[in-house]
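Inspection log for the structure reproduced underneath, given as structure tokens.
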Protein chains: 2
Amino acid sequence: MAIATPASGSQSPRKTNASPHDALVASGTSERILDVAERLVQTRGFNGMSYADIATELGVTKASLHYHFPSKADLGVRLISRYEENFLRELATLDASRSDAKKKLRGYAHLYETVLRQDRMCLCGMLAAEHATLPSEMRARLSAFFDANESWLVDVLEAGRKSGSLSFEGPAIAKARMWIGSLEGAMLLARSYGQVARFTQVATQLLSALSL
Amino acid sequence: MAIATPASGSQSPRKTNASPHDALVASGTSERILDVAERLVQTRGFNGMSYADIATELGVTKASLHYHFPSKADLGVRLISRYEENFLRELATLDASRSDAKKKLRGYAHLYETVLRQDRMCLCGMLAAEHATLPSEMRARLSAFFDANESWLVDVLEAGRKSGSLSFEGPAIAKARMWIGSLEGAMLLARSYGQVARFTQVATQLLSALSL
DNA sequence: GTCTATAGGTGGATAGAC
DNA sequence: GTCTATCCACCTATAGAC
């Protein structure tokens, strides 16, 4: 349910992910670093967060962090990749539920809401704001994340319109972009007010705009 | 038309604004500093921009900047205040035009678009992302900006509904928040893709949702 | 009002011991 | 893998000459 939350997804030692210099040993430490870094970026931004912040929270030294993520750009790229993986996994779960389109969209908005309830901004929404200052490798990953969101939404919207469970005019991609932009923006504002309701109000309106 | 653009509003020497330590002499330098700082914050964020950046662009020293704005928080607060003043001035102009509600809303969206076309994010949208790292004086000003936007939109929306030129269900304040959130978010995404069309598509959809 | 000079802190990053 | 120690660039900010 939650997205890349320390308490949720993926921390116990596994051999699935390549981490320290692409060796096949994922120490678990890398994941803990990513967990903390992720939260810090979501709340303070990539520029508003430092190796020192992460190190202090984890009780290790900065040098240790550099062992796992030599440069901050490396860390940033892995943050986005992991976030996208987790997000796409959630979307796949929604697909597997075989709900109707409207329910899937509700679920989609709920993913954002879960992040917001942790007083966090969407990782990629935050990074989009800092876009101009990011290493180019991060920028590329960022677009990939939004492209993936867009294409998932397009599929759901078109299927919903075809089946008659959704009603809207114009190309699905326009609606998809409207959804992403509006949810990200609503999240941004809701968080700066500390009022989740400001987000849910927008999500509700987006949904009801697709009803007959 | 443009919002707080160096080329537009307000730079020639005047006695209206208090600037250096609230003396009654506005050197013009303060405004030039604000012009550069504003653009840098809009493109790189408050944390992504420094006194050194501004100084270099203006060909002065950092010490000179500190004379006009002793601390970065001072600079930030004045940036928001000026931005809000200029923005509200544009809204007043829209009001004075005595257009119908729909035209006013179109004008409202156009204000955002003008900023976006300069490859900038809305100053306050950018700062909203950095909210958690901002000095508290800046946070307060930030809310004031969005509150003012909200109340202007509420007035326009209610007048439009009463006159029959707009059609929507539910409280005007919900629609107002939807507008702000969606425009800010669409701007955020459009800018990170460098595609203004991503913004105008959303603005168009927001408008047509208010038609019969 | 603007400069030089500098203080004091923190940023990311590396070398080398353990 | 994690540590200590350190480098150097950059940050905000101030003192004091001009």
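Letters A, B, ... mirror the listed sequences (proteins, then strands); counts begin at 1. On a predicted model such as this, the values are computed, not experimentally measured, just so you know. Just the heavy atoms: all of them, side chains too, but no hydrogens, waters or symmetry mates, feed the values below.
- Rounded to whole Å, the distance from CG on A/Leu65 to C1' on D/dT4 is 15 Å.
- Of the candidates C/dG12, D/dA15, D/dA13, the closest approach to any side-chain atom of B/Lys72 belongs to D/dA13.
- One interatomic measurement links the two molecules: CZ of B/Phe69 to C1' of D/dT14, which rounds to 18 Å at whole-angstrom precision.
- Between B/Glu150 and A/Arg198, at least one side-chain nitrogen of the basic residue sits less than 4.0 Å from a carboxylate oxygen of the acidic one, meeting the salt-bridge criterion.
- Ion pair A/Asp95/A/Lys104 flagged as a salt bridge, since at least one NZ, NE, NH1 or NH2 atom sits closer than 4.0 Å to an Asp/Glu carboxylate oxygen.
- Distances shorter than 4.0 Å separate some side-chain N or O of B/Ser50 from OP1 or OP2 on D/dC11.
- Note on B/Arg44 versus A/Glu130: no salt bridge recorded, every NZ/NE/NH1/NH2 to OD/OE distance being 4.0 Å or above.
- Using the six-membered ring where Trp is involved, A/Tyr108 and A/Trp152 have ring planes that are parallel, under 30° apart on the 30 and 60° scheme.
- For A/Arg139, the CZ atom sits in a packed shell: over 12 heavy atoms of surrounding residues, nucleotides or ligands are nearer than 6.0 Å.
- A salt bridge links A/Glu113 with A/Arg117: the closest approach of a Lys/Arg side-chain nitrogen to an acidic carboxylate oxygen falls below 4.0 angstrom.
- For A/Tyr67 and D/dT2, the shortest distance from a side-chain N or O to OP1 or OP2 is not below 4.0 Å.
- For the pair A/Lys62 NZ and C/dG9 P, the interatomic distance rounds to 15 Å; values are reported in whole Å.
- The shortest distance between the side-chain N/O atoms of B/Ser71 and the OP1/OP2 oxygens of D/dT12 is not below 4.0 Å.
- What separates CE of B/Met49 from P of C/dG11 is a distance of 19 Å, to the nearest Å.
- An OP1 or OP2 oxygen of D/dT2 is reached within less than 4.0 angstrom by a side-chain nitrogen or oxygen of A/His68.
- Comparing D/dC3, D/dT14, C/dT14 against the side chain of A/His66 picks out C/dT14 as the nearest.
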Would you please test B/Thr43 and B/Asp119 for side-chain hydrogen bond (donor to acceptor under 3.5 Å, both in side chains) and show each step? CA-CA 7 Å; B/Thr43 51; B/Asp119 283 305; over 6 Å; no

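- Bending across the helix from C/dG1-D/dC18 to C/dC18-D/dG1, expressed as the angle between its end axes from five pairs apiece, amounts to 0° (10° rounding).
- Straight-line distance from the CG atom of A/Asp74 to the P atom of C/dT14: 10 Å, rounded to whole Å.
- Using a 30° and 60° split on the angle between ring planes, B/Tyr83 and B/Phe145 fall in the tilted class, from 30° to 60°.
- If you check residues 51-58 of chain B against DNA chain D, the residues with a heavy atom closer than 4.0 Å are B/Tyr51, B/Ala52, listed by number.
- Comment: A/Lys62 does not engage A/Asp53 in a salt bridge, judged by the lack of any side-chain N to carboxylate O separation of less than 4.0 angstrom.
- In this structure, B/Thr61 reaches the C/dC3 phosphate: one of its side-chain N or O atoms is under 4.0 Å from OP1 or OP2.
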